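Taking it in order: structure first as structure tokens, then the write-up.
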Amino acid sequence: GKLFLIPIIALLVNQVIKMAVEAFKGNFTWFKLFDYGGMPSSHAAFVTSLTIVISYYYGINDPAFAIALIFSLIIIKDASGIRLQLGEQGKIINQLIKELPDKKEYKYPVMPERLGHTNAQVVVGILVSALVTSLLIFIW
């Protein structure tokens, strides 16, 4: 149970922090709870917590730790790499669509602009998750 519950709790804590950051910026909506991007990175938090939990309960020599670590690196790289670039492309495409004549503009969907994370968002997600995970391991 702990292998599953601790990362889920770490993910939820990061999502609550993300909602608080959005509320502070005046962008609060419940839909942001399931949105990509933002501070901190919940993807980075989740995989970091999973890796820490596996290392604690099974050790770093266990194959599960190697799998979790590689999985974490891929997810984190994806969040701050390709997904961030896709969001930037979405902004540019949306701007180009807005410049079209009105009767052509409506034919194109609005592209998502917030898909990835900056390095700072990833680092904060990792740090918050490491703290939450360590506290939960200590408590349990």
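Residue numbers run from 1 in the order of the sequence given. Everything quoted here is computed from the prediction, not taken from an experiment.
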Quick one: pull up [atom1] in [X] and [atom2] in [Y] and give me the separation to the nearest 0.5 Å.
X      : Y      : atom1 : atom2 : value
Ile97  : Ile92  : CD1   : CD1   : 12.0 Å
Ile54  : Asp62  : CD1   : CG    : 8.0 Å
Tyr56  : Phe138 : OH    : CZ    : 9.5 Å
Trp140 : Leu135 : CH2   : CG    : 12.0 Å
Ile126 : Ile76  : CD1   : CD1   : 4.0 Å
Glu22  : Lys18  : CD    : NZ    : 8.0 Å

Note to self: Does Leu3 form a side chain to side chain contact (heavy atoms under 4.5 Å, CB included) with Tyr58? I'd like the steps, not just the answer.
What the structure shows: CA-CA 10 Å; Leu3 286 176; Tyr58 292 100; 3.4 Å; yes
Note to self: Between Gln95 and Lys98, is the side chain to side chain donor-acceptor pair (under 3.5 Å) condition met? List the steps.
What the structure shows: CA-CA 5 Å; Gln95 186 58 42; Lys98 286 178 186 174; 4.8 Å; no
Where the side chain of [X] meets the backbone of [Y], is there a donor-acceptor pair that is under 3.5 Å apart?
X      : Y      : answer
Ser55  : Ile60  : no
Thr133 : Ser129 : yes
Asn14  : Pro40  : no
Asn94  : Gly90  : yes
Ser72  : Val47  : yes
Thr118 : Gln121 : yes

Mind checking whether [X] and [Y] sit in one hydrophobic cluster, side chains of I, L, V, M, F, W, Y counted as touching below 4.5 Å?
X      : Y     : result
Ile52  : Ile67 : no
Val53  : Leu5  : yes
Leu131 : Ile8  : no
Leu50  : Tyr57 : yes
Leu100 : Ile93 : yes

Note to self: Is it true that, when you exclude Tyr108 itself, more than 12 heavy atoms of the residues, nucleotides or ligands shown sit nearer than 6.0 Å to its OH?
What the structure shows: no
Item checked: Smallest separation among heavy atoms of Ser49 and Pro7, with atom names -> OG-CA, 3.2 Å
Note to self: With a 4.5 Å cut-off on side-chain heavy atoms, are Met39 and Val124 touching?
What the structure shows: yes
